[in-house]
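First the structure, in the form of structure tokens, and then the observations on it.
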There are 2 protein chains.
Amino acid sequence: MLDFHKTLENEQSLDPENWEKTRQLAHQMLDDMLDYLQTIDQRPIWQKTPEAVKAHFTQALPQQPTSAEEIYKEFKTNVLPYNKGNIHPRFWSWVEGGGTVLGMLADMLASGMNPNNTIGDHAPRYVEAQVIDWSKQLFGFPPSASGLLVSGGAMANITAILVARNQFLAGIIRQKGLKFLDNQLVIYCSTETHNCLTKAAEIIGLGSDNLRKVPVNEKYQIKIEVLKMMLLADKQAGLLPFCIIGNAGTVNTGAIDPLDELLAIARQENCWFHVDGAFGALAKLVPAYQADLAAIEQADSLAFDFHKWLYVNYEVGCVLVREAKIHREAFALQANYLLSHERGLAAGPDTISNYGLELSRGFKALKVWMSLKEHGIQRYQKQIEQNIAQAFYLQDLIRQTSDLELLAEVSLNIVCYRYKPQNQSLSENELNDLNKEILMQLHENAIALPSYTLLANRYAIRVAISNHRSQKADFQVLVEGTLALGKKILAD
Amino acid sequence: MLDFHKTLENEQSLDPENWEKTRQLAHQMLDDMLDYLQTIDQRPIWQKTPEAVKAHFTQALPQQPTSAEEIYKEFKTNVLPYNKGNIHPRFWSWVEGGGTVLGMLADMLASGMNPNNTIGDHAPRYVEAQVIDWSKQLFGFPPSASGLLVSGGAMANITAILVARNQFLAGIIRQKGLKFLDNQLVIYCSTETHNCLTKAAEIIGLGSDNLRKVPVNEKYQIKIEVLKMMLLADKQAGLLPFCIIGNAGTVNTGAIDPLDELLAIARQENCWFHVDGAFGALAKLVPAYQADLAAIEQADSLAFDFHKWLYVNYEVGCVLVREAKIHREAFALQANYLLSHERGLAAGPDTISNYGLELSRGFKALKVWMSLKEHGIQRYQKQIEQNIAQAFYLQDLIRQTSDLELLAEVSLNIVCYRYKPQNQSLSENELNDLNKEILMQLHENAIALPSYTLLANRYAIRVAISNHRSQKADFQVLVEGTLALGKKILAD
């Protein structure tokens, strides 16, 4: 039993003992980070974490306090130099944005305010509501729509698919579960769909077999005729198609599915129409892409990321749902300790946990709110267009270079190519090994950070451009680096 | 079609045009936040967001840029003054931690570095791995265990329940889904269990009916004998019990279920044993609670939060799983664009998305890493013990005050009481209305921010103490405030 009088004889807190010293350190940290970001293009894009540093991270749980100064020194020695690199102008791996300076400062302000931004009547709730309203305006969703900030595309997609599932059969699934249903539910998407949707199908209890992967055409777009046949076959077999997913920018090549055709089929089949637009949906800001992406405005739900092609600092994605009522009915629960009140902190807008999986949520809305204000949509439009133009520019460079081969026609911001020397005859396997080696050496020599994928079993160096710091010259460095490394490796 | 040459004539970036001006503003922000945190006890704990401010947050999506200085001015006018209040010494609503100064600075550093901390070979991956190792040490999990940082308890619980579900029947559920099974899966927990677990049962496709809610005793602990009868009845009816959940600190009263008995039943029934220890698991650091919480060390999975009772800034929770192999098999997928490489950025530890729902994840590990170093476990132990002692202290104050009634025996860090004047005879309904009014006025008058719950249909003012800034005197303010408001409201 606790002797509470004794425990309370000397009360402590976790606030700094010496505020002046802490303030000094804080300003030092800030200056260092600003220097770091201001000179990022002069720093190595990537350095391997040395074994000694890795070993350092195996020390046991600290028992005693360490001074903040000491901890920061450790950070500067062991953490900062071995950063991932996605803030550097020549980072084009996976699809990752670079963040901004004001985004970093917003994260500091948000963390200092430290609200759990899910429940209660306070300004962070209204900031987040405005960010959702802005997102609706960005994609032409109606005022009756709703939305939720989440950690990223995977969570946005899971949330959307759960809404699609739960709205089916009016609440029975929430209460009784999937085993209770007479028929198996089925979702459709292309084989190029992000694997977070396979995982979503597993998570929500459908099973990956019941996420039907429809083949793609030579542009990596879903084959509409095959989709129709699969729908028919499944219905004849007694299955229940309830959701069709369209891709606005696939992860491998940036392909955009024929969204208008998918929408029409979804309406005809009484299916939910979800668009995974993790990065590609943002191309809707660019006039040349508006027609291809117009059907987003009619989608039942949309997943997209602020931290990818809106360059906001990690982590923040978003899901939009066409009908707020349906969105809420998919998740709302009432608990005794979450009763709403008319006044005081416990009043305020509808609890955000009624719209998703999470209950604890930080104030990630602030960096989005400040960023959208800082740049305004027109500057984002120009920035996104610039990244697309850079992809076409790189495609041109590759086509003009005899020892490089383009592996997929550029349609958005992703370029897939390989080194294939004309004066040598190499097998496909040899080419795969060679290009993988080139990629690893591009990284190790801190030349550039593209990533990779397999297209028809061919290893592709994959350049996904959602980087606001990249300039034309950076792509020339990549091309020259690829050629030089290819030659060197073959000569060795 | 995009004319890319034209687009690239004038390349832009989202970096500051004037770094010196940005630097000046950044230091101003930092100073303001440090002032704010240093003087937080002298500021009103809560102020209602004025209607004019709310209206401000309905302005349309910004088209043109606004200067960072202007945006910050707006933040200081419309956001900061109307903060939630959980950084203030007299905040005891829901269960929310207050954050620390170094936690805020760590969030700035993390946001500046801006890694997507899921994949690749870079230092943030090793920092996060160390935080997971430390978490295992904290709760006596074996080295073969694994874990994942998530946004909070809800996500930690969902992740754990998914592992429990997916390990059942060796992979069939991931592929075929729940409808394919011959029998209905069932989970057991007490009626006092957090409703995020009801939601988890819905999300994973079981349905809320199949999360069996076992009644509790007068200490709000699960009734073991009833659990046994329910298990038997379900098995006789052909259902498949596969998971038992124990509470280490319920949200209403802080009750700890008899975890050792639940563990024994789980082992006997071949069920997964999950512990929801969102905040309460941390009491394991305090000697007086070690026996009651010892069974955590044998649990198959544990959910707990860093942002609650370890006072780390929002948002960061954690799930631990006893067997890393089982954890990985529940989620791992391989995609062409996530191939592992031997060297370069694409090498490195196993992709974190193989252990959970998310693919994009910020560097929330840094604030945990810096905080655990800053304070060391022994200081956290003292801090948590202090909060528990404060709950017993407040219980004593209430018992000594004739017009206050304790509504549940304190067992951890939560105190539930109500105002019940001795010289008046009020009905239960009148008492409920009166206490709700007192609570709202405690907030409106910026006296303190406790929350509320219903216990046996009685409205309780609920004081959940996970605040490192609270001192004894703060609880005296609460008691005096409650009495004064009770009298005033009755007199009105």
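The shown structure was predicted, so the numbers you read here are calculated from the model rather than taken from an experiment. Labels below follow one simple rule: chain letters A, B, ... track the order of the sequence lines, proteins then strands, and each chain is numbered from 1.
Ring centroid separation for the pair B:His341 and A:Tyr452 comes in under the 6.0 Å cut-off.
For the set B:Ser111, B:Gly177, B:Ala60, the entry with the most heavy-atom pairs within less than 4.5 Å of chain A is B:Ser111. Contact count versus chain A (heavy atoms, under 4.5 Å) is highest, among B:Pro65, B:Gly152, B:Ala154, B:Gly362, for B:Pro65. Per-residue heavy-atom pair counts under 4.5 Å with chain A were compared for B:Gln471, B:Met155, B:Glu96, and the maximum is reached by B:Gln471. The residue among B:Thr22, B:Leu80, B:Asn117, B:Leu185 with the most heavy atom pairs within less than 4.5 Å of chain A is B:Leu80. Note: B:Tyr126 leads B:Tyr82, B:Phe75, B:Tyr126, B:Tyr311 in heavy-atom pairs under 4.5 Å with chain A. Taking chain A as the reference chain and counting heavy-atom pairs below 4.5 Å, the highest number among B:His27, B:Met108, B:Met104 is found for B:His27.
In this structure, the portions of B:Gln38 lying under 4.5 Å from any heavy atom of chain A include both its backbone and its side chain. Residue B:Leu442: no heavy atom, backbone or side chain, is found under 4.5 Å from chain A. Contacts of A:Met33 with chain B are made by side-chain atoms alone, with heavy-atom separations under 4.5 Å and no backbone atom involved. Contact of A:Ile173 with chain B is made through the backbone alone, with heavy-atom distances under 4.5 Å. For a residue to count as touching a neighbouring chain, one of its non-hydrogen atoms must lie under 4.5 Å from one of that chain's; by this rule A:Glu358 touches chain B with backbone and side chain alike. Of the two parts of B:Leu345, the backbone and the side chain both hold a non-hydrogen atom closer than 4.5 Å to a non-hydrogen atom of chain A. Both the backbone and the side chain of A:Phe331 come within less than 4.5 Å of a heavy atom in chain B. At a 4.5 Å heavy-atom cutoff, the contact between B:Leu206 and chain A is made by backbone atoms alone. Contact annotation for A:Thr7: both backbone and side-chain heavy atoms come within less than 4.5 Å of a heavy atom of chain B. With a 4.5 Å cut-off on non-hydrogen atoms, B:Val79 touches chain A through its backbone and its side chain both. Using a 4.5 Å cut-off between heavy atoms, B:Ile87 touches chain A through its side chain atoms alone. If you measure heavy-atom distances from A:Asp121 to chain B, the contacts under 4.5 Å come from both the backbone and the side chain. Of the two parts of A:Lys367, neither the backbone nor the side chain holds a non-hydrogen atom closer than 4.5 Å to a non-hydrogen atom of chain B. Residue B:Ile158 touches chain A through its side chain alone, counting heavy-atom pairs closer than 4.5 Å. For B:Ser67, no part lies near chain A; criterion is any non-hydrogen pair under 4.5 Å. For chain B, the nearby part of A:Leu366 is the side chain; its heavy atoms alone come within less than 4.5 Å. Residue B:Met370 touches chain A through both its backbone and its side chain, counting heavy-atom pairs closer than 4.5 Å. With a 4.5 Å cut-off on non-hydrogen atoms, A:Ser151 touches chain B through its backbone and its side chain both.
A donor-acceptor distance shorter than 3.5 angstrom exists from the side chain of B:Lys199 to the backbone of A:Ser353, with no hydrogens or angles considered. A donor-acceptor pair under 3.5 Å links the side-chain atoms of A:Asn86 to the main chain of B:Asn114, judged by distance alone. Side-chain N or O atoms of A:Asn83 include none that pairs as donor or acceptor with a backbone N or O of B:His122 at under 3.5 Å. In this structure, A:Lys48 contributes its side chain and B:Gly344 its backbone to no donor-acceptor pair below 3.5 Å. A donor-acceptor contact shorter than 3.5 Å links the side chain of A:Lys84 to the backbone of B:Asn116. With hydrogens and angles ignored, the 3.5 Å screen pairs no side-chain donor or acceptor of A:Trp94 with any backbone N or O of B:Ile119. Using modelled atom types, one side-chain atom of A:Glu11 and one backbone atom of B:Lys472 make a donor-acceptor pair closer than 3.5 Å.
Looking at A:His468 and B:Asp15, their side chains come closer than 4.5 Å, going by heavy atoms from C-beta outward. A 4.5 Å side-chain heavy-atom check between A:His194 and B:Leu359 finds at least one atom pair inside the cut-off. The shortest side-chain heavy-atom distance between A:Glu374 and B:Thr66 does not fall under the 4.5 Å cut-off. Taking 4.5 Å as the limit, some side-chain heavy atom of B:Leu138 sits within range of a side-chain heavy atom of A:Leu61. Side chains of A:Leu102 and B:Ile71 form a contact here, defined as non-hydrogen atoms less than 4.5 Å apart. Proximity of A:Ile204 to B:Ile204: side-chain heavy atoms (C-beta onward) are nowhere separated by under 4.5 Å. Counting only heavy atoms from C-beta outward, the side chains of B:Gln130 and A:Thr58 never approach each other to under 4.5 Å. Taking 4.5 Å as the limit, some side-chain heavy atom of B:Arg379 sits within range of a side-chain heavy atom of A:Leu14.
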### Message
Determine whether A:Trp19 and B:Leu37 satisfy the following criterion, side chain to side chain contact (heavy atoms under 4.5 Å, CB included), listing intermediate values before the conclusion.
### Response
CA-CA 10 Å; A:Trp19 280 90; B:Leu37 291 171; 4.0 Å; yes
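For the residue pair A:His307/B:Ser360, the side-chain donor-acceptor check at 3.5 Å is satisfied. No hydrogens or angles considered: nothing links the side chains of B:Gln175 and A:Glu202 as a donor-acceptor pair under 3.5 Å. Side-chain contact check for A:Gln64 and B:Gln378: at least one donor-acceptor pair (N or O, by modelled atom type) lies under 3.5 Å. Side-chain contact of B:Gln12 with A:Gln383: a donor-acceptor pair under 3.5 Å is present, judged by distance alone.
Every residue meeting the side chain to side chain contact (heavy atoms under 4.5 Å, CB included) condition with A:Glu74, not counting sequence neighbours, appears here in chain and number order: A:His56, A:Asn78, B:Trp369, B:Lys373.
Ring pair B:Phe4/A:Tyr393 is perpendicular by interplanar angle, where above 60° counts as perpendicular and below 30° as parallel.
Here A:Asn210 contributes atom CG and B:Phe180 contributes atom CZ; the two are 10.5 Å apart, rounded to the nearest 0.5 Å. Atoms CG and SG, from A:Leu333 and B:Cys196 in turn, are 10.0 Å apart once rounded to the nearest 0.5 Å.
Annotation for B:Tyr36: atom OH counts as buried by contact number, over 12 foreign heavy atoms lying within 6.0 Å.
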